[in-house]
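To start, the structure itself, in structure tokens.
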Number of protein chains: 2
Amino acid sequence: MLSSLSYAILALLATKPQSGYDIARQMRPPLGLLWQAKHGQIYPELARLVKLGLVEVERIDKQSGPPRRVHTITAAGRSELTRWIVKSPQARPANDEFVIKAYALRRVPLGAATSLLNDQIQTHEHRIAALEQLHQAFVSRNTKATAFDSPRFGEYAALRRAIGFEREHAAWCRWLLSELTATEKPGRKGVRQPAVGRSSAARRK
Amino acid sequence: MLSSLSYAILALLATKPQSGYDIARQMRPPLGLLWQAKHGQIYPELARLVKLGLVEVERIDKQSGPPRRVHTITAAGRSELTRWIVKSPQARPANDEFVIKAYALRRVPLGAATSLLNDQIQTHEHRIAALEQLHQAFVSRNTKATAFDSPRFGEYAALRRAIGFEREHAAWCRWLLSELTATEKPGRKGVRQPAVGRSSAARRK
DNA sequence: GATACCATGTAAGTCGTTACATGATTAT
DNA sequence: ATAATCATGTAACGACTTACATGGTATC
């Protein structure tokens with residue numbers, strides 16, 4: 001069985017032939033929307049896919065530096081990718097360090113907790129702004145790129161998911177901050193937010 | 001430096017002394033809200049924390065089976081935990097296999113894509129229902145358990161985050177399905193949902 | 001002259017999963 | 001009887017990060 005990273009690489013190569021560096025650039029944290037990985041993991045994985053016959057490599061010599069190695073997905077690679085996509089996955093753990101911090105947040109001084117949350121909220125706002133700029137670029141450049149049958153739909157879907165998750169995380173941080181503030185100043189009950197209601201999708205209708 | 005798992009263990013032990021088995025139970029997938037790990041990782045990590053003096057262990061012999069080993073956080077453990085909480089973290093990668101599938105979804109037959117999405121949506125609905133039941137139990141059993149200064153606030157915060165993320169993921173899957181359906185039957189433009197709007201938090205105001 | 005980007009790879013080490021190993025107790 | 005839960009640990013392997021290693025090109 002192949003790793004998730006292998007399938008992420010195959011998915012990228014299915015759109016067009018690319019070098020390891022190209023792949024690494026698209027997977028670079030923190031803006032790798034499809035999958036995040038470092039080149040130290042990508043190059044060996046690519047070599048493995050070549051050895052398995054799922055990917056072919058063409059070496060292009062240059063006057064200077066290492067030769068550029070352009071990788072192309074093979075027919076076997078494409079069928080392996082589609083085979084993998086259609087079988088249902090089991091959900092990943094999705095461990096998040098910040099949940100641990102929130103879990104034990106009442107054990108630290110209120111001031112430190114407040115500034116931690118403000119830091120976190122600001123970080124997420126910045127990330128959201130960057131993602132929304134990408135979204136704008138997507139929608140305005142070519143409206144058809146957002147349609148399901150467009151070759152760039154995959155990118156668009158990954159981008160929407162990233163925006164949704166960042167917003168959800170930011171909202172949760174703001175809720176934490178409001179709870180904390182309500183404790184600090186018990187008179188201000190107005191800032192407390194209501195209990196978990198219906199999902200945003202339900203509200204959207 | 002310690003691993004995230006170590007801090008998750010310290011956070012759990014900060015609430016009360018527990019055995020490795022107790023910790024493993026709370027971290028068991030798929031309902032480990034704070035952090036997910038298997039006992040094969042937890043037992044060695046606990047031993048390491050004991051060796052570092054952040055945790056103490058009391059061996060309780062029983063008539064049968066292995067002795068129960070109850071772990072207690074030390075003063076050094078508590079201060080290490082609070083020290084770690086207050087310094088801002090860098091965000092985790094948060095890789096999700098399903099994003100790869102969505103990225104390349106237009107490469108598989110429409111029928112297979114549809115049933116994959118329906119499967120995924122159903123799985124998430126089930127998870128949401130289970131989490132909401134936990135939430136109900138929390139709110140109805142003791143209203144004060146949801147306040148920031150309650151000893152169980154950490155659990156509650158982790159639960160709210162899990163619910164929010166599951167809902168966001170389910171909403172994204174439903175969006176994918178609506179895009180796919182719009183492609184299949186181009187006459188039905190009504191099912192298409194609008195472009196990314198304002199965040200749910202913004203709407204909540 | 002320093003920093004960033006292009007471009008490829010390897011090595012050591014940590015994090016995490018899966019399986020092996022053992023054995024009593026409780027519920028169906 | 002069979003399975004699930006209680007209860008602890010280790011070993012092998014795979015996934016991932018960080019650092020080492022090299023060297024040209026472009027920008028400030």
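Chain letters run A, B, ... following the sequence lines, proteins first and then strands; every chain starts at 1.
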Calculate the interatomic distance between [X] atom [atom1] and [N] atom [atom2]; express it in whole Å.
X       : N      : atom1 : atom2 : value
A:Arg68 : C:dC5  : CZ    : C1'   : 14 Å
B:Leu46 : D:dG9  : CG    : P     : 8 Å
A:Ile42 : D:dT17 : CD1   : C1'   : 12 Å
A:Gln18 : C:dT8  : CD    : P     : 11 Å
A:Lys38 : C:dT8  : NZ    : C1'   : 17 Å
B:Glu58 : D:dA7  : CD    : C1'   : 16 Å
B:Asn95 : D:dT17 : CG    : C1'   : 13 Å
B:Lys62 : D:dC6  : NZ    : P     : 11 Å

| note | In B:Arg69, B:Arg68, B:Lys16, the residue satisfying salt bridge (charged side-chain N to carboxylate O under 4.0 Å, His left out) with B:Asp22 is B:Arg68
| field | Given DNA chain D, 5'-ward residue of the pair B:Arg28 and B:His71, judged by closest heavy atom | value |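 Closer to the 5' end of DNA chain D: B:Arg28.
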Indicate whether OP1 or OP2 belonging to [N] is found under 4.0 Å from a side-chain N or O atom of [X].
X       : N      : value
A:Gln41 : D:dC16 : yes
B:Ser19 : D:dT8  : yes
A:Tyr21 : C:dC6  : yes

| query | Quick one: does A:Glu58's side chain have a donor or acceptor within less than 3.5 Å of a partner on A:Glu56's backbone? | reply |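 No, A:Glu58 side chain to A:Glu56 backbone: no donor-acceptor pair under 3.5 Å.
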| field | Approximate separation, where rounding is to 0.5 Å, of A:Arg160 CZ and A:Leu33 CG | value |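 Going from CZ on A:Arg160 over to CG on A:Leu33, the span is 13.5 Å.
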Checking contacts here: which listed nucleotide ([options]) is nearest the side-chain heavy atoms of [X]?
X       : options                : answer
A:Arg69 : C:dT8, D:dT8, D:dT10   : C:dT8
A:Tyr43 : D:dC16, C:dG16, C:dA7  : C:dA7
B:His39 : D:dC16, D:dT10, C:dT10 : D:dT10

| request: Would you mind classifying the nucleic acid contact of A:Gly20 as base, sugar-phosphate or nothing, using non-hydrogen atoms under 4.0 angstrom? | output: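 Sugar-phosphate, backbone atoms only, no base.
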| query | Contact class for B:Ser4 (heavy atom, under 4.0 Å): base, sugar-phosphate, or nothing? | reply | nothing
| query | Is the distance between the ring centroids of B:Trp175 and A:Phe153 less than 6.0 Å? | reply |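 Yes, they do, as the ring centres are separated by less than 6.0 Å.
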| task | Determine the interplanar angle of the A:Tyr156 and A:Phe138 rings, folded into 0 to 90°, and report it as parallel if under 30°, tilted if 30 to 60°, perpendicular if over 60°. | result |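 The arrangement is tilted - the two ring planes meet at 30° to 60°.
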